[in-house]
Amino acid sequence: MTVRRRAPFVAAVYSLVLALLVLGPLLGPGYLLLRDAVSTPRSYLTDSALGLTDAAARAVPQDALLAALSAFVDGGLVVKAILLIALWTAGWGAARMVRTVLPTAGLGPQLVAATVTVWNPYVAERLLQGHWSLLTGYAALPWTVCAAVAIRRGRRQGWFALAACLAAAGLTPTGVLLAAVTALAVLACPGGRSARGLRLTGALGLFFAASAPWLVATALSGGGDGSDPAGVAAFAARAEPGLATLGSLAGLGGVWNETAVPQTRTTLFALVGTVLLLGVALCGLPALWRRRRHPAVAALTVLALLAVLLPTLGATAWGLDVGRWSVQHVPGAGLLRDAQKWVALAAPLYALAAAAAVLRRPVTWSVSAVLIVLLALPDLAWGVGGSLRPVHYPPSWQQVAAELDGDPTSGDVAVLPTGMFRKFPYSSSAPVLDPAPRMLPEDVLQTGELVVTGGSVGGEGSRAQQVERVLLTGGSAADLASLGVRWVLVERDTPGPRGESATTLSGLERQFSDEHLELYRVDGDVAPYEATRRARATVIAAHVLWAMLLAGGLLGAGVLEVRTRRRRRHQP
């Protein structure tokens with residue numbers, strides 16, 4: 001087998017090695033519990049998991065998928081597998097994109113592109129923030145470029161591949177938006193064997209199918225009708241040491257949470273790392289300029305510029321004003337408020353440019369480029385400097401879940417202390433999302449309020465806010481029952497507001513208690529607060545459509561790819 005034929009295999013193996021090097025410590029026994037990331041042994045298909053509450057459907061269809069799979073496989077393994085596959089396919093897809101857009105590129109440029117895609121501040125910061133499912137959307141971007149180019153060339157497998165890409169990215173709403181914007185940008189460029197209008201119409205149809213779970217859930221529940229305008233400034237992109245906001249975003253960094261960054265990005269080494277990464281990419285721009293007529297190069301260049309400039313402008317005073325107005329008056333604008341996540345759209349161009357920098361160069365150039373990119377962010381290795389490590393839940397969580405699962409009556413769960421974030425002795429030093437909503441078989445009421453530096457950002461859970469007020473003011477069991485609460489869970493080993501809740505708990509029946517958790521039951525009739533059967537059936541059907549799109553897209557693209565390769569082998 002020639003070196004050129006071995007290149008795809010080598011690039012795939014190399015990307016897997018990079019992914020393992022990043023995630024190493026996390027792959028041991030235990031569960032991911034870091035900031036926004038929560039994995040549990042088992043989760044359940046509650047109304048919250050389906051997005052049928054008054055909160056925004058941000059974790060749809062992610063939570064429903066975990067609920068379905070964890071009935072058969074440990075949920076912690078599922079999350080680890082998805083995260084590993086995401087990082088692996090991100091690098092592998094970048095190598096594939098280079099072969100598609102730069103046909104003369106050999107193994108060296110492909111490995112450079114894979115390194116840039118996997119080993120950068122964006123990946124590190126999203127891992128530390130706990131946005132593991134967003135990385136599936138990030139991983140889909142280079143594959144989306146390949147699918148769009150195939151569609152432009154009149155290849156049927158391109159449509160199947162695009163369906164799979166959008167569905168995979170659609171694990172979160174942001175992910176599918178990233179992939180859809182990338183696909184539409186490439187397909188909208190003039191030329192190609194098919195009509196531009198048909199290409200765009202087909203891509204939009206696939207986008208809506210991939211987005212069906214969260215679109216349908218939002219339409220039925222009305223969740224997320226408005227976002228707190230305070231979140232616009234709180235989630236704006238941030239300047240890192242030695243870099244203005246523009247420089248941070250250009251270096252694929254600048255996440256809003258200054259604690260969710262690798263150690264090297266908290267010092268002036270952030271400037272050094274950014275210069276090294278950009279230096280590799282900028283060296284390839286002249287070669288890409290000569291290929292500017294290629295639709296993928298043209299589209300990705302525009303996307304990269306917008307992905308860096310718009311979040312930069314959004315962090316200015318007038319940009320924040322525009323953002324606050326948008327989230328108050330434009331439906332769905334709350335999706336845009338974490339501005340730095342959109343810088344993912346620049347990553348495909350960076351990968352192409354880095355590959356172009358070593359195109360037709362000696363092997364030493366490729367090796368040097370890979371080493372430079374790795375040295376630009378040395379603490380991404382081994383769990384982002386050891387920050388990604390599995391945790392082990394106390395057995396009491398499983399005991400409480402079994403208690404709720406065995407009770408014939410239904411009703412939601414209120415939690416103490418109030419708030420969404422916890423600091424357990426068995427978790428990291430960083431605040432972590434309360435695992436209760438994903439651990440328990442009943443809906444857990446939480447407001448969605450996020451405490452940030454300088455204040456807080458309100459959530460959309462209005463009923464949860466009422467329940468919290470009842471607990472903090474020492475309200476009665478009847479007050480809780482009228483709000484649909486059957487259970488009160490007290491998490492004893494984490495700090496947080498408890499107010500006068502002892503008065504409320506004194507009137508409830510304690511069902512379970514140990515050093516970690518206490519569970520109280522509200523007796524009597526509890527007002528029903530649950531989605532209708534029709535609403536649940538409709539949303540489940542939307543999830544089935546999403547799953548079929550993913551499976552059908554992968555199967556169709558795979559079958560057609562195999563047929564194409566066989567045809568080529570038999571050609572004289």
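Bear in mind that the values here come from a model prediction, so they are computed numbers and not experimental data.
The pair Asp321-Arg324 meets the salt-bridge criterion, since a charged nitrogen lies less than 4.0 angstrom from a carboxylate oxygen. The pair Arg463-Asp412 meets the salt-bridge criterion, since a charged nitrogen lies less than 4.0 angstrom from a carboxylate oxygen. Between Glu442 and Arg486 no salt bridge is recorded (no basic side-chain N to carboxylate O distance below 4.0 Å).
Not a single donor-acceptor pair under 3.5 Å links the side chain of Trp487 to the backbone N or O of Val522. Not a single donor-acceptor pair under 3.5 Å links the side chain of Arg422 to the backbone N or O of Leu433. Under the 3.5 Å distance criterion, the side-chain polar atoms of Glu468 are matched with a main-chain donor or acceptor of Gly419. At distances below 3.5 Å, at least one donor-acceptor pair connects side-chain atoms of Thr504 with backbone N or O atoms of Gly475. Between the side chain of Asp379 and the backbone N or O of Thr264, at least one donor-acceptor pair lies under 3.5 Å. Panel note: side chain Tyr350, backbone Ala250; a donor-acceptor pair is recorded below 3.5 Å.
Annotation: cation-pi pair Arg126/Tyr138 absent, no NZ/CZ under 6.0 Å from the ring centroid and within 45° of its normal.
Looking at heavy atoms from C-beta onward, Trp119 lies in side-chain contact with Val22 at the 4.5 angstrom threshold.
Exactly one residue among Leu83, Leu32, Leu34, Leu26 makes a side chain to side chain contact (heavy atoms under 4.5 Å, CB included) with Leu127. That residue is Leu83.
If you take NE2 on His543 and CG on Leu50, they are separated by 5.5 Å, rounding to the nearest 0.5 Å.
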